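Values in this document were obtained by computation on a predicted structure and should not be read as measured data. In each ligand, atom 1 is the first atom listed, and ligand 1 is the first ligand listed. Start at 1 with the first residue, then count along the sequence.
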Amino acid sequence: MENLQREVFEKFESYGQGHIFRFWDELNADERLNLCRQAARLNLAHLSEIADALLERDRDAQPKPEVSLLPANYIGLPSDETTLCRWEDAYNLGEQILSEGRIAAFTAAGGQGTRLGFEGPKGTFSVTPVKGKSLFQVFAEKIRFAEKRYGYPLHWFIMTSDRNHNETIEFFGKNNSFALSNVHFIRQGSLAAMDAKGKIMLEDRCHIAMHPDGHGGAFRAFVSSGSGAMLEAQGIDMISYFQVDNPLVPAIDPYFIGFHGKNCSQISSRMVLKTYPEERMGIFCSMYGRSAVVEYTDMPMERAVERDRSGSLRFKAGNAGIHIFDRDFFTLLGSKMGGRQLPLHAAKKKIPTIDGDGKAVDPEVPNGIKFETFIFDALQFAERSIIVEGNRKEIFSPIKNSVGLDSPETCRRDQVRLFAKWLISAGSDIPIDSTGLPPFNIEISPLFADSERDFLVKWNQLDKRPAISAGSHIC
Ligand code: UTP
């Protein structure tokens with residue numbers, strides 16, 4: 001321990017970060033060991049580069065040069081015979097790819113879910129309108145539906161972080177992995193938070209304030225867990241990526257898979273229409289000839305309000321956080337990438353810390369900076385990428401906040417509206433209001449059907465169709 005201690009102390013001093021040991025004399029042996037080990041794991045050279053870049057950026061906080069920003073091209077929803085045929089062709093190819101067993105699922109579930117304010121991994125949050133199933137159960141049922149349909153077990157990777165890894169595994173254990181046999185938990189990396197002067201922050205006297213390294217950490221976590229090599233050995237060359245907060249996601253979607261396969265794409269992305277200029281949504285744009293996502297915080301308002309001749313927003317291709325990756329591309333991004341790294345994004349956040357006397361501080365305003373990499377920054381490294389539109393009401397209703405927009409309540413309503421739409425398309429006469437919402441909760445299990453198309457087939461095959469009323473659960 002003494003050697004480790006000396007080495008770590010000297011290293012942190014030399015990088016101007018010796019302050020993290022300022023309560024050393026008050027710590028007991030276990031706490032000292034813990035802090036020393038945590039400190040030894042940090043890549044100080046990397047953190048120091050980040051801190052320098054941060055300080056430099058703040059020093060010459062000049063307006064960013066205007067980048068050449070154009071709306072991204074995308075494959076729109078079918079609107080006539082020709083486009084309908086294209087979508088049908090994609091569906092057939094997707095079914096073929098699926099029957100060849102070439103796809104695995106990946107869920108990014110390592111986030112902290114601060115805005116929702118729920119204790120525990122977000123995937124364990126109860127979300128469905130009648131049965132109150134967790135987000136993880138909804139995805140598990142979607143995967144089981146695909147397994148039954150295509151006749152083999154799918155691999156499902158769940159990315160966790162230090163803060164929720166054990167709890168996530170326990171949850172799956174308690175639920176017998178929802179009857180799935182190929183669930184893999186891979187843990188993403190973490191980074192230290194810094195204050196505005198580039199100093200590493202402490203969470204308490206003996207813990208550095210760490211946070212998960214962003215959904216872009218998926219690439220490295222995937223490679224370091226050996227998952228890329230395992231998929232390669234099994235001939236699985238596509239990864240269907242989605243995020244833990246959106247129960248409407250078509251997790252295994254033949255249309256999207258077909259478009260991806262047809263275009264030999266390295267990254268395919270799903271877009272949904274942005275509804276108003278101020279909406280907090282990343283936008284697919286074209287920058288210097290390549291697709292990119294511009295975060296709402298970086299989109300100049302004068303561009304966000306631009307409209308085209310038909311009156312719709314010009315920059316309207318909202319990022320739904322749904323992608324399909326080519327396995328080799330995914331793996332490349334998780335390895336050294338020939339020296340190229342995903343960019344780090346800095347965000348000012350409220351970070352629980354301690355004051356000079358070691359007393360806990362729960363800040364009311366942002367007091368530090370977190371650094372993250374983003375999954376969609378993979379776009380800038382792709383030679384072949386496509387963007388495919390999805391019907392927002394059918395594929396996107398994330399739970400971000402505890403109340404208001406993108407909350408459990410809006411998500412419940414969106415699910416009920418969608419189920420009602422499927423039933424009405426099948427000839428049911430359930431009452432709905434002008435927004436398509438019935439006056440009671442209903443639920444359709446993904447084990448019964450995971451899309452309107454599948455629902456209509458299954459429903460029409462039923463000998464006896466159930467009467468629909470408050471609390472109906474079709475499974
Ligand atoms: P968000 O950007 O909504 O972040 O993540 P969050 O951490 O879940 O929530 P807030 O901002 O603290 O309220 C979008 C998706 O990316 C995953 C999340 O789990 C969610 O599925 N994510 C985010 C990770 O897997 N790891 C991360 O480091 C960050």
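Counting non-hydrogen atoms of neighbouring residues, nucleotides and ligands closer than 6.0 angstrom, the CZ atom of Arg37 reaches no more than 12 such neighbours. Within a 6.0 Å sphere centred on CG of Asn73, heavy atoms belonging to other residues, nucleotides or ligands number 12 at most. Heavy-atom contacts from other residues, nucleotides or ligands closer than 6.0 Å to CZ of Arg280 number 12 or fewer.
Residue contacts with ligand 1: Gly113 is included, with a non-hydrogen atom under 4.0 Å away.
Under 4.0 Å is where a charged nitrogen must lie from a carboxylate oxygen, and between Asp213 and Arg220 no such pair does. Under 4.0 Å is where a charged nitrogen must lie from a carboxylate oxygen, and between Glu95 and Arg149 at least one such pair does. Between Arg392 and Glu279, at least one side-chain nitrogen of the basic residue sits less than 4.0 Å from a carboxylate oxygen of the acidic one, meeting the salt-bridge criterion.
For atom 28 (O) of ligand 1, the nearest protein heavy atom (residue, atom name, distance) is Gly214 N, 2.8 Å. Scanning the protein for heavy atoms near atom 25 (O) of ligand 1, the closest one is Gly110 N, 2.8 Å. Nearest non-hydrogen protein atom to atom 16 (O) of ligand 1 is His215 CD2, 3.2 Å. Atom 26 (N) of ligand 1 has as its closest protein heavy atom Gln188 OE1, 2.7 Å. Considering only non-hydrogen protein atoms, atom 7 (O) of ligand 1 sits nearest to Gln112 N, 2.8 Å. Among protein heavy atoms, atom 12 (O) of ligand 1 sits closest to Thr114 OG1, 2.3 Å. Among protein heavy atoms, atom 21 (O) of ligand 1 sits closest to Ala108 O, 2.8 Å.
Contacts of His211 with ligand 1, taken as heavy-atom pairs under 4.0 Å, are absent altogether.
Taking every non-hydrogen atom of Lys400 and a distance limit under 4.0 Å, the qualifying atoms of ligand 1 come out as 1 (P), 3 (O), 14 (C). The atoms of ligand 1 that sit less than 4.0 Å from any heavy atom of Pro212 are 28 (O). Short contacts between ligand 1 and Ala109, defined as distances under 4.0 Å to a heavy atom of the residue, involve ligand atoms 19 (O), 25 (O). Per-residue contacts place Met159 under 4.0 angstrom from the following atoms of ligand 1 (heavy atoms of the residue considered): 25 (O). For ligand 1, the atoms lying closer than 4.0 Å to a non-hydrogen atom of Val244 are 19 (O), 21 (O).
The shortest N or O to N or O distance between Lys349 and ligand 1 is not below 3.5 Å. For the pair Gly111 and ligand 1, the shortest N or O to N or O distance falls below 3.5 Å.
Partner of Phe325 under the ring-ring contact (aromatic ring centres under 6.0 Å, His included) criterion, chosen from Phe157, Phe106, Phe219: Phe219.
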**Working for side-chain contact (heavy atoms from CB on, under 4.5 Å), residues Trp156 and Leu180** = CA-CA 9 Å; Trp156 182 19; Leu180 292 168; 3.6 Å; yes
**Request:** Test side-chain hydrogen bond (donor to acceptor under 3.5 Å, both in side chains) on Asp377 and His345 and set out the steps.
**Result:** CA-CA 10 Å; Asp377 278 328; His345 298 260; 2.6 Å; yes
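With Asp253 contributing its side chain and Tyr255 its backbone, the two residues share a donor-acceptor pair below 3.5 Å.
The aromatic ring centres of Phe178 and Phe136 sit 6.0 Å or more apart.
With atom 2 (O) of ligand 1 as the reference point, the heavy atom nearest to it among Arg163, Glu372, Arg115 is part of Arg115.
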